[in-house]
Protein chains: 2
Amino acid sequence: MATKTELRRQELRDKLVIIAERTIAQDGLTALRARDLAGEAGCAVGAIYNVFGDLTDLALTVNARTFHRLGADVAEALANAPEDPVEQLVVMAQAYHAFAAQNHLSWRALFDIERAPGEAAPDWYLQEMGQLFTYISDPLAVIFPERDSAELALLTRALFSSVHGIVLLGLDEASAGVSTENIDHMIALVLRQFAASPK
Amino acid sequence: MATKTELRRQELRDKLVIIAERTIAQDGLTALRARDLAGEAGCAVGAIYNVFGDLTDLALTVNARTFHRLGADVAEALANAPEDPVEQLVVMAQAYHAFAAQNHLSWRALFDIERAPGEAAPDWYLQEMGQLFTYISDPLAVIFPERDSAELALLTRALFSSVHGIVLLGLDEASAGVSTENIDHMIALVLRQFAASPK
DNA sequence: TACCCTGTTGAACGCAGTTCAATGATATGT
DNA sequence: ACATATCATTGAACTGCGTTCAACAGGGTA
C-alpha cells in the first residue's frame with residue numbers, strides 16, 4: 001500500500017483542480033496551460049499526467065464542479081420560489097442566467113470542450129442535466145396536467161434549450177447590446193407567454 | 001500595375017476559400033491547418049499569409065459565405081411559406097434547423113471562432129444577423145400589432161435565441177436522443193404556444 | 001536587355017500538449 | 001536498521017501547430 005504516495009497524489013490532484021478552476025474562471029479554458037499549471041502547483045509538467053489523463057480530463061473535472069454549483073444555485077432559487085409553477089420556471093431560468101453571467105468563463109467552459117465524435121458525454125454531465133430537467137418538468141407537469149410524460153420531456157428540453165439559447169446569445173457581447181435586464185425580460189416573456197396558453 | 005500578380009492572388013484566394021470551405025464542412029474548424037491547406041492548394045505556407053491575415057481571417061471568410069447560404073435558405077422557406085404569420089415563423093425556424101443539420105460542422109464554425117475580448121463582430125455578421133431578425137420581426141409585428149418596436153425587437157431576439165438553443169442542444173449528440181422530428185416538434189411547440197397566447 | 005522591385009518561398013521560430021528514459025523516493029523482506 | 005526491488009516523479013525532448021522573414025525568383029519598366 002502506497003499510503004504516502006496516494007496522499008501526495010490526492011493533494012496534487014486537489015491543488016491542480018483549484019488552480020485550474022481559478023484559471024478558467026479568470027481567463028477561460030484557453031488559458032489552461034500545462035507549464036503554467038505545473039509552475040503554480042510547484043510540480044513537474046509530467047506530474048499532471050500522473051494524476052489526470054490529460055488536460056481535458058482536468059478541465060472536465062472542473063466542469064463537473066461548475067455544473068454542480070450551477071445546479072445548486074438553481075435548486076436554491078426553486079426552494080425560495082413562489083408556489084406558482086410558472087413563476088418557479090421564471091425564477092429558475094433567471095437563476096440560470098445569473099449563474100452564467102457571474103461565472104461567465106467557467107460556464108462557457110461547460111460547453112466549449114469538444115468531445116471526440118461518437119464519444120458519449122460523461123456520466124456526471126448526464127446526471128446533473130437530468131437533475132436540472134427534473135426541476136423544470138415538475139412545474140411543467142402542474143401547468144400541463146393533461147400531457148403525457150413523453151410530451152413533458154420534450155417540453156422540458158425545449159424550454160431549457162430556449163432559456164439556454166437566450167442566455168448564450170445574450171451574454172455574447174458580439175451581437176452586443178443586450179442588458180442583463182433585457183435578458184431576464186426575454187426569459188420571462190418566453191416562459192410566461194408559453195405557459196399562459198389555454199391549451 | 002501588377003495585373004498578372006493580382007490575378008494570381010485572386011485565384012489563390014478563391015482556391016483557398018474553396019478548400020477551406022470543404023475542409024470545415026467535412027472535418028470541422030479544427031481540421032483547418034496551414035500546411036494541409038498549402039499542400040492542397042499547391043502553394044507555400046507563407047503564401048496563405050500574403051492573401052489572408054491569418055487562418056482566422058480565412059475561416060471568417062468561409063463563415064461569411066456559410067451565413068449567407070443560411071440566410072438564403074431561410075428566405076426561400078419564407079417565400080414558400082403560407083400566409084399565416086405563426087406558420088411563417090415555424091417554417092423559417094425549421095429551415096434554420098434543416099440548414100444546421102445538413103451543414104452541421106460549417107454551422108458550428110459560425111459560432112466556434114472566438115473573438116478577442118472587446119473585439120466587435122465583423123460587419124457582414126451583424127448585417128446577416130439583422131437580415132434574419134427582419135424575417136422574424138415582420139410576422140411578429142402581425143401577430144402582436146399592439147407592441148411597440150422596442151418590444152418587438154426583444155421578442156425577435158428572444159425567439160431567434162430560443163430556436164437557436166433548441167437546434168444547438170438538439171444537434172449535440174452528447175445529450176443524445178433527440179431525433180430530427182423531435183427537434184422540429186419542439187420548435188413548433190414553442191413557437192405556436194408562444195404566438196397562440198391571447199395577449 | 002538590364003535592373004530594380006515586389007511577390008513568393010519554405011526553413012526556422014515560438015509555443016502548445018504529451019511522452020519516457022533517467023532519477024529519486026518508497027515500501028518490503030531480512 | 002539496512003539492502004534492495006519497485007514504483008512514482010522528473011523535465012528535457014518530441015510532435016504538431018500558426019506564424020514569420022531572410023533569401024530567392026520573376027515580372028514590369030527604362
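Just so we're on the same page: letters track the sequence lines, and every chain starts at 1.
- A close approach under 4.0 Å does occur between a side-chain nitrogen or oxygen of R8(B) and OP1 or OP2 of dT8(C).
- Salt-bridge annotation for E40(B) and K15(B): absent, with no side-chain N of the basic residue lying under 4.0 Å from a carboxylate O of the acidic one.
- Clustering ILVMFWY residues whenever any of their side-chain heavy atoms sit less than 4.5 angstrom apart, transitively, puts V91(A) in a cluster other than the one holding I166(A).
- Note that R157(B) lies outside the cation-pi zone of F160(B), set by a 6.0 Å cut-off to the ring centre and a 45° limit from the axis.
- Rounded to whole Å, the distance from NZ on K15(A) to C1' on dT9(D) is 14 Å.
- Spacing between atom CZ of R33(A) and atom C1' of dG17(C) amounts to 12 Å, rounded to whole angstrom units.
- The phosphate of dT19(D) (OP1 or OP2) has no side-chain N or O of R35(B) nearer than 4.0 angstrom.
- Between the P atom of dA8(D) and the CD atom of Q10(A) lies a distance of 15 Å, rounded to the nearest Å.
- Two residues are said to be in side-chain contact when any heavy atoms from C-beta on lie closer than 4.5 Å; H68(A) and W124(A) fail this criterion.
- The stretch residues 38-60 of chain A touches DNA chain D through A44(A), V45(A), G46(A), A47(A), N50(A), each having a heavy atom within less than 4.0 Å of the strand.
- The separation between L32(B) atom CG and dG18(D) atom C1' is 11 Å, rounded to whole Å.
- For an aromatic pair to be called close, the ring centres must be under 6.0 Å apart, and W107(B) with H97(B) fails this.
- Looking at Q88(B) and D84(B), their side chains never bring a donor and an acceptor atom within 3.5 Å of each other.
- Here the P atom of nucleotide dA25(C) and the CZ atom of R9(A) are 18 Å apart, to the nearest Å.
- Rounded to whole Å, atom P of dA25(C) lies 18 Å from atom CG of L7(A).
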